[in-house]
Amino acid sequence: MRGIILTMALASLAACGSNDGGGNSSADSDVPSGAGQAQVPPDLTVDNSQRQVPVMLPSPAPLSSIPAAFQGRWGMVPADCDPKRDDNKGLMTITADRLSFYESRATIGSLQQVTPTKIQGLLSYSGEGQTWKKATSLTLQDAGKTLVREETDPVSADTYSKCPA
C-alpha cells in the first residue's frame with residue numbers, strides 16, 4: 001500500500017514540473033500576460049468624475065447643563081483670577097446652569113454638545129437693566145487650560161485662561 005501512495009505522489013510532482021519549454025515562468029506559458037487579472041488604474045487617488053460626496057457629521061447632542069470641564073473661574077488676564085481684587089472685569093465664572101461676568105449674567109436657553117471640547121447654545125443675558133439673547137459657543141483648548149467664548153450678532157471671540165483653584 002505504501003508503495004502505491006509513494007508512486008502516485010512522485011507521479012503528481014513529475015507532472016507539475018513538466019513543461020515543453022523546460023521552465024516554470026509565466027513568460028514560458030501560452031497565457032497572455034495580464035489575462036485573468038483586473039486592470040488597476042494607475043492612480044487610485046484621482047476621482048475622474050470629480051463628484052462631491054457628502055460627509056454626514058454627527059448631530060450635536062442636547063445638554064441639560066454645562067459639562068464639568070467647562071465649569072470654574074476663567075480670566076482674560078492673570079489679574080482677573082485674583083479673588084482679592086474687585087476690578088476683575090475680565091472674570092467669567094461658569095457653573096452648571098449659568099455664566100457670570102462682572103456686570104451681567106447668562107442662563108441657558110438651549111445647549112448642545114458639538115464635540116467633547118465644544119458646546120453651543122442660545123443664552124439669555126441680563127445686566128445693567130437690560131436683557132438679550134445670543135447664540136454662544138464655548139470651546140476648550142490646551143487640554144482644558146484655555147476657553148474661547150464666541151458669540152454672534154455682532155460676531156466676537158474672547159479667550160480666557162483657567163484660574164487656579
Side-chain angles (χ1 to χ4, degrees), residues 24-27 29 31-165:
N24 193 18
S25 69
S26 60
S29 70
V31 178
S33 80
Q37 296 178 357
Q39 297 298 319
V40 178
D43 187 355
L44 294 175
T45 62
V46 175
D47 179 12
N48 292 327
S49 64
Q50 297 182 1
R51 290 179 289 170
Q52 292 184 353
V53 178
V55 176
M56 299 302 291
L57 297 175
S59 297
L63 294 172
S64 59
S65 64
I66 297 172
F70 293 83
Q71 296 180 31
R73 294 168 38 93
W74 300 86
M76 295 178 101
V77 296
D80 292 332
C81 292
D82 186 350
K84 296 175 187 167
R85 298 181 66 120
D86 56 356
D87 65 342
N88 48 6
K89 294 184 180 184
L91 178 68
M92 175 176 62
T93 303
I94 301 176
T95 63
D97 62 349
R98 75 176 45 225
L99 281 67
S100 299
F101 303 91
Y102 185 72
E103 294 180 335
S104 63
R105 311 283 177 266
T107 57
I108 300 169
S110 65
L111 192 61
Q112 300 171 326
Q113 180 109 34
V114 179
T115 68
T117 58
K118 183 175 183 174
I119 59 175
Q120 67 185 17
L122 183 63
L123 302 182
S124 299
Y125 288 83
S126 64
E128 298 182 338
Q130 298 181 3
T131 60
W132 65 98
K133 294 182 186 238
K134 280 199 175 194
T136 304
S137 68
L138 303 175
T139 305
L140 293 173
Q141 298 176 346
D142 303 324
K145 296 176 186 172
T146 303
L147 183 139
V148 178
R149 179 175 57 96
E150 297 176 278
E151 295 181 338
T152 60
D153 196 26
V155 175
S156 67
D158 294 309
T159 302
Y160 298 84
S161 296
K162 184 90 171 191
C163 295

Any ring pair (Phe, Tyr, Trp, His ring centres under 6.0 Å) involving residues 103-123? Give me the pairs, sequence neighbours left out, ordered by first then second residue. none
Once side chain to side chain contact (heavy atoms under 4.5 Å, CB included) is applied, do any residues pair with D97, and if so which ones, sequence neighbours excluded? T95
Under the disulfide bond (SG atoms under 2.5 Å apart) rule, what pairs show up with a residue in residues 113-153, not counting sequence neighbours? none
side-chain hydrogen bond (donor to acceptor under 3.5 Å, both in side chains) pairs, two or more places apart, involving residues 60-82: none
If you look only at pairs with a residue in residues 76-108, which of them pass as a ring pair (Phe, Tyr, Trp, His ring centres under 6.0 Å), with sequence neighbours excluded? none
Any disulfide bond (SG atoms under 2.5 Å apart) pairs touching residues 89-137, not counting sequence neighbours? none
Give me each pair satisfying disulfide bond (SG atoms under 2.5 Å apart) with a member in residues 136-165, each pair once, sequence neighbours excluded. C81-C163
Nearest heavy-atom pair of F70 and L140: which atoms, and what distance? CE2-CG, 3.6 Å
Among residues two or more places apart or on two chains, list those pairs meeting salt bridge (charged side-chain N to carboxylate O under 4.0 Å, His left out) that have a residue in residues 152-165. R149-D158
Any chance you could measure T93, atom OG1, to R105, atom CZ, to the nearest 0.5 Å? 8.5 Å
Donor-acceptor pairs under 3.5 Å, side chain of residues 124-131 to any protein atom, not counting sequence neighbours: which ones?
from: Y125; atom 1: OH; to: T136; atom 2: OG1; distance (Å): 3.2
from: Y125; atom 1: OH; to: E151; atom 2: OE2; distance (Å): 2.7

If you define the side chain from C-beta out and look only at heavy atoms, does anything of I94 sit under 4.5 Å from L138? yes
Side-chain donor/acceptor pairs under 3.5 Å, residues 114-123, sequence neighbours excluded:
from: T115; atom 1: OG1; to: T117; atom 2: N; distance (Å): 3.3
from: T115; atom 1: OG1; to: T117; atom 2: OG1; distance (Å): 3.4
from: T115; atom 1: OG1; to: K118; atom 2: N; distance (Å): 3.1
from: Q120; atom 1: NE2; to: Q112; atom 2: OE1; distance (Å): 3.2

Results of side chain to side chain contact (heavy atoms under 4.5 Å, CB included) for D142 - residues two or more places apart only: K145, T146
What distance do R98 atom CZ and I66 atom CD1 have between them, rounded to the nearest 0.5 Å? 10.0 Å
Could you work out, with salt bridge (Lys or Arg N to Asp or Glu O under 4.0 Å) as the rule, every residue matching R85, not counting sequence neighbours? D87
